[in-house]
Protein chains: 2
Amino acid sequence: MPDTPAQPNEADIRLAQDMLFFAYRDFTNAADVILAELGLGRAHHRALHFIGRMPGMPVSDLLSILRITKQSLARVLNELVARDYVAQHQGRTDRRQRLLRLTPAGQALERRLFQRQRDRIAAAYAAEPQAVDGFRTIMRGIMDESARIYIDEAEHPSR
Amino acid sequence: MPDTPAQPNEADIRLAQDMLFFAYRDFTNAADVILAELGLGRAHHRALHFIGRMPGMPVSDLLSILRITKQSLARVLNELVARDYVAQHQGRTDRRQRLLRLTPAGQALERRLFQRQRDRIAAAYAAEPQAVDGFRTIMRGIMDESARIYIDEAEHPSR
DNA sequence: ATCCTACGTCAACAATCCTGACGTAAATTC
DNA sequence: GAATTTACGTCAGGATTGTTGACGTAGGAT
């Protein structure tokens with residue numbers, strides 16, 4: 001078991017870099033078979049995921065989560081709407097907003113994609129349940145403050 | 001503090017999905033300022049990172065780590081060689097191989113890129129050192145077996 | 001009435017990835 | 001020693017995902 005000094009040395013950091021790359025590579029890869037079948041890409045998956053996570057989310061929120069431009073999102077979103085995976089509703093308090101939700105077909109697809117990634121995470125969690133808290137703590141620490149806030153909101157849905 | 005049952009429920013998995021996205025997004029983003037300055041992309045950074053990590057690595061190893069095609073790598077690698085960040089040497093035991101290493105300029109650049117990502121990881125580790133073991137354990141669990149093997153090798157350099 | 005915001009959209013372009021095919025030198029196998 | 005396989009390089013063409021910049025419209029805010 002490697003040391004974990006309070007002042008991390010270079011080898012610790014390099015290892016973390018490698019791990020982030022590999023874990024993300026293999027985690028995202030898990031859903032690719034289904035996406036390829038349908039002629040969709042990872043960009044579509046990301047949109048489906050976050051829309052499913054926070055139904056009724058306006059376009060602007062999705063933009064700031066994905067950190068891509070309006071035009072990049074538009075392409076993906078238009079296709080998801082055209083294929084009836086995503087529905088747009090006018091906002092009530094602010095009618096300029098297009099609130100996004102998954103259609104039943106979108107939910108079904110998202111669920112299929114989810115299963116693949118689920119298996120990977122579930123296996124890792126089940127093998128070492130005592131490690132989960134540490135994993136979450138460090139992952140929170142790596143991301144931006146804004147992402148931490150989003151995650152806290154997603155965990156206590158206030159609607 | 002959330003529960004961490006042996007059988008992870010859906011909310012646990014969804015949270016992990018979010019965390020992987022955000023941690024990776026913000027971690028990779030950290031180096032982008034320098035890359036943009038030099039007109040390089042993330043693909044170049046990935047190559048620099050892994051070549052720096054395992055100097056003398058043949059092209060085929062890099063291909064299987066990055067999981068991209070020869071042509072995609074060729075473009076990136078040719079540019080790194082042209083700009084004198086990467087040098088290629090003929091293999092001794094197998095002269096078909098092009099063994100890759102960073103030039104001094106490549107090492108210097110990789111180090112600059114490294115510093116940015118370092119800050120993020122170091123802060124997270126320093127704030128919660130007791131969480132590091134758990135982080136590593138789960139990250140290992142998420143990645144493919146082949147990635148675990150690579151990581152173990154990188155930690156005990158046999159040269 | 002004016003200004004700002006939350007969208008949509010058009011056009012052009014860049015980075016990164018892909019498939020498939022073909023070539024060459026060197027190692028390996030029969 | 002010949003045939004096969006391996007480790008590359010490279011050419012051609014195409015798809016996805018991202019970018020910038022400009023412009024338009026409906027609706028909220030002052």
Side-chain angles (χ1 to χ4, degrees), chain A residues 21 24-25 28-29 31-51 56-83 86-101, chain B residues 21 24-25 28-29 31-51 56-83 86-101:
Chain A
F21 174 77
Y24 192 75
R25 182 196 69 176
T28 53
N29 203 260
D32 281 353
V33 184
I34 299 170
L35 291 170
E37 246 173 48
L38 297 170
L40 296 172
R42 287 182 185 171
H44 301 93
H45 187 189
R46 270 172 249 142
L48 284 173
H49 169 80
F50 285 107
I51 294 169
M57 160 190 278
V59 174
S60 55
D61 282 13
L62 191 51
L63 278 173
S64 65
I65 286 173
L66 297 175
R67 297 246 181 109
I68 57 176
T69 55
K70 221 179 353 171
Q71 294 73 5
S72 291
L73 180 58
R75 234 177 328 192
V76 169
L77 218 44
N78 286 337
E79 201 167 344
L80 291 175
V81 170
R83 296 203 196 186
V86 169
Q88 299 175 325
H89 304 283
Q90 201 173 44
R92 293 193 183 176
T93 58
D94 185 337
R95 287 185 304 168
R96 290 171 304 179
Q97 292 181 332
R98 310 273 168 109
L99 306 182
L100 305 168
R101 11 187 106 252
Chain B
F21 174 77
Y24 192 76
R25 182 196 70 176
T28 52
N29 203 260
D32 282 352
V33 184
I34 299 170
L35 291 169
E37 247 174 46
L38 297 170
L40 296 172
R42 286 181 185 169
H44 301 93
H45 186 189
R46 269 172 251 143
L48 284 173
H49 168 79
F50 285 108
I51 295 169
M57 158 189 280
V59 173
S60 55
D61 282 14
L62 191 50
L63 278 173
S64 64
I65 286 173
L66 297 176
R67 297 246 180 108
I68 57 176
T69 56
K70 224 179 350 174
Q71 295 73 6
S72 292
L73 180 58
R75 224 171 322 138
V76 168
L77 218 43
N78 285 338
E79 201 168 343
L80 291 175
V81 170
R83 296 201 195 186
V86 169
Q88 299 174 325
H89 304 285
Q90 202 173 43
R92 293 194 184 174
T93 56
D94 186 336
R95 289 185 301 167
R96 292 170 304 178
Q97 293 181 330
R98 310 271 168 108
L99 306 182
L100 305 168
R101 13 187 103 251

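Below, chains carry the letters A, B, ... as their sequence lines are ordered, and counting in each starts from 1. Scope of the values below: all heavy atoms of this structure, side chains included, with no hydrogens, waters or symmetry mates. Since the structure is predicted, the reported quantities are computational estimates derived from the model, not experimental observations.
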State which of [options] makes the closest approach to the side chain of [X].
| X | options | value |
| --- | --- | --- |
| A:Q71 | C:dC17, D:dA22, D:dG18 | D:dA22 |
| B:R95 | C:dA26, D:dG18, C:dT16 | C:dA26 |
| B:S60 | D:dC8, D:dG18, C:dG8 | D:dC8 |
| A:R98 | C:dA6, C:dA26, C:dG8 | C:dG8 |
| B:A43 | C:dT9, D:dT19, C:dC17 | C:dC17 |

By the 4.0 Å heavy-atom rule, please label [X] as base, sugar-phosphate, or nothing.
| X | value |
| --- | --- |
| A:Q88 | sugar-phosphate |
| B:N78 | sugar-phosphate |
| B:S72 | base |

For [N], take OP1 and OP2 only and decide whether either is under 4.0 Å from a side-chain N or O of [X].
| X | N | value |
| --- | --- | --- |
| A:R96 | D:dT25 | no |
| A:H44 | D:dT16 | no |
| B:T69 | C:dC18 | yes |
| A:R46 | D:dG18 | yes |

Could you tell me the separation between the [atom1] atom of [X] and the [atom2] atom of [N], rounded to a whole number of Å?
| X | N | atom1 | atom2 | answer |
| --- | --- | --- | --- | --- |
| B:L38 | C:dA15 | CG | P | 13 Å |
| B:H45 | C:dA15 | NE2 | P | 18 Å |
| A:I68 | C:dG8 | CD1 | P | 12 Å |
| B:L80 | C:dT16 | CG | P | 10 Å |
| A:L73 | C:dT9 | CG | P | 12 Å |
| B:L99 | D:dG9 | CG | P | 11 Å |
| B:D94 | D:dC8 | CG | P | 8 Å |
| B:L77 | D:dT10 | CG | P | 10 Å |

Strictly distance-based, threshold 3.5 Å: is any side-chain N or O of B:R46 a donor or acceptor partner for the main-chain N or O of A:F21?
no

Under 3.5 Å, side chain of A:R101 to main-chain N/O of A:H89, donor-acceptor pair present?
no

Reference residue A:D32; test side chain to side chain contact (heavy atoms under 4.5 Å, CB included); the match among A:T28, A:L35, A:I34:
A:L35

DNA chain D: A:G39 or B:K70, which has the more 5' nearest nucleotide?
B:K70

5' precedence on DNA chain D between B:P58 and A:R67 (nearest-nucleotide basis)
B:P58

Go through the steps for A:I68 and A:V76 under the test side-chain contact (heavy atoms from CB on, under 4.5 Å), then give the verdict.
CA-CA 11 Å; A:I68 57 176; A:V76 169; 6.0 Å; no

Give a yes or no on whether a salt bridge exists between B:R75 and B:E79, defined as a side-chain N under 4.0 angstrom from a carboxylate O.
no

Indicate, yes or no, whether a donor-acceptor pair under 3.5 Å links the base of D:dG18 to the side chain of A:R75.
yes

Could you give me the CA-CA distance, side-chain angles and deciding distance for A:K70 and A:L63, then say whether side-chain contact (heavy atoms from CB on, under 4.5 Å) is met?
CA-CA 7 Å; A:K70 221 179 353 171; A:L63 278 173; 3.8 Å; yes

